[in-house]
Amino acid sequence: MTDNSPKTAETRFDGNRPLRLAVLISGSGSNLQALIDASQHDQAPFQVALVISNRADAFGLERAERVGIPTQTLSHRGFKTREAYDTALAELLRAADPGLIALAGFMRILTPGFVEYWQGRMLNIHPSLLPSYRGLHTHQRVLEAGDPMHGATVHFVTAELDGGPAILQARVPVQANDDADRLGARVLKQEHCIYPLAVRWFAEGRLRLGSDGRTQLDGQPLDSPLIIDAST
Ligand code: GAR
């Protein structure tokens, strides 16, 4: 009999079998690159087992292919509904049997059924200090608001867009002469630090989504995300 029930995050790293990570992208894949680089260190507790893009021209596909990581393109064009797309996506993922999915610039809204199936086993990185600035154009919106601080958040994915329990944030001070590109570049650099760190914690069994819906690190629920302050 096939067990279709969601698995719990039983992922404690035993030193022999790295966690299989599937990474979903739509574009450049610089966060994917950071994850690949981290996975190539000795004793890394995770390996990038599969990269899926909804765009055939995503540069991240090349990043994966040049180090021999299997890739798949699943274009959203041709699917009539989000549900149909997500069903096809779920089939690709199940065949690869990942222990964790990392959304890394995957610019699609996922359906509640898909998210529920992977709940507790799917992370996202978002370029803002959530819960502020969900959605798009975060750097420009922060500048327009005159905020002194910006950043990025790694969080568990729930059906609420950019609304799942936060894990780790990098804070980046806004500088007087910033434009969206300059600010975004500094935020992205921090994303490349915090995403591999959170994935590592998950792969080591230190990080999980508790049954109360709160993030747990080392068995302790987090009341707020852990914060890393960037100096620039
Ligand atoms: C990153 O800044 C990531 O946080 C953002 O897209 C960029 C992807 O860059 N994700 C979102 O905005 C999702 N809401 P990358 O392709 O170079 O990793």
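All figures in this text were calculated on a predicted structure; none of them were measured in a lab.
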key: By salt bridge (Lys or Arg N to Asp or Glu O under 4.0 Å) - contacts of D181 (at least two apart)   = none
note = Across all chains, not counting sequence neighbours, the salt bridge (Lys or Arg N to Asp or Glu O under 4.0 Å) partners of R20 are none
Indicate, with yes or no, if [Y] and [X] share a hydrophobic cluster defined by side-chain heavy-atom contacts under 4.5 Å among Ile, Leu, Val, Met, Phe, Trp and Tyr.
X    : Y    : answer
L143 : L130 : no
W201 : V23  : yes
I227 : I167 : no
L207 : L168 : yes
L183 : I228 : no

message = Let's go through V48 and V67 carefully: what are the C-alpha distance in whole Å and the side-chain angles of both, what is the deciding distance for side-chain contact (heavy atoms from CB on, under 4.5 Å) to 0.1 Å, and is it a yes or a no?
response = CA-CA 10 Å; V48 181; V67 290; over 6 Å; no
Shortest non-hydrogen contact from [X] toward [Y]:
X    : Y    : result
D147 : V174 : O-CG2, 3.3 Å
A58  : G27  : CB-O, 3.5 Å
R66  : F59  : NH1-CZ, 3.9 Å
V51  : L32  : CG2-CD1, 3.7 Å
T215 : P165 : OG1-CB, 3.4 Å
Q119 : T158 : OE1-CA, 4.0 Å

query = With sequence neighbours left out, what residues match D179 under side-chain hydrogen bond (donor to acceptor under 3.5 Å, both in side chains)?
reply = none
note = Those residues at least two apart in sequence (or on a different chain) that pass side-chain hydrogen bond (donor to acceptor under 3.5 Å, both in side chains) with H137 are none
Keeping the roles fixed (side chain from [X], backbone from [Y]), state whether a donor-acceptor pair exists under 3.5 Å.
X    : Y    : result
R141 : L136 : yes
T138 : P127 : yes
S53  : T73  : no

inquiry  = Between S39 and Q47, is there a side-chain donor-acceptor contact under 3.5 Å, judged purely by atom types and distance?
reply    = no
Beyond-backbone contact of [X] with [Y], side-chain heavy atoms, under 4.5 angstrom:
X    : Y    : value
L19  : F202 : yes
S28  : Q33  : no
S75  : R55  : no
Y85  : F114 : no
M122 : V115 : yes

query = Does atom CZ of R77 have more than 12 heavy-atom neighbours from other groups under 6.0 Å away?
reply = no
ask   = Just wondering, are more than 12 heavy atoms of other shown residues or ligands nearer than 6.0 Å to CG in D42?
value = no
Kindly compute the distance separating [atom1] ([X]) from [atom2] ([Y]), expressed to the nearest 0.5 Å.
X    : Y    : atom1 : atom2 : answer
R171 : D229 : CZ    : CG    : 4.0 Å
S26  : D57  : OG    : CG    : 10.0 Å
F156 : R208 : CZ    : CZ    : 8.5 Å
N54  : Q72  : CG    : CD    : 13.5 Å
L209 : L123 : CG    : CG    : 9.5 Å
E160 : D162 : CD    : CG    : 9.0 Å

inquiry  = Listing request: all side chain to side chain donor-acceptor pair (under 3.5 Å) pairs with a residue in residues 185-197, at least two apart in sequence or in separate chains.
reply    = S30-H192, N31-E191, D178-R186
H155 and H126 aromatic centres sub-6.0 Å = no
Quiz: residues 102-113 side-chain donor-acceptor pairs under 3.5 angstrom, not counting sequence neighbours:
from : atom 1 : to  : atom 2 : distance (Å)
T111 : OG1    : D86 : OD2    : 2.6

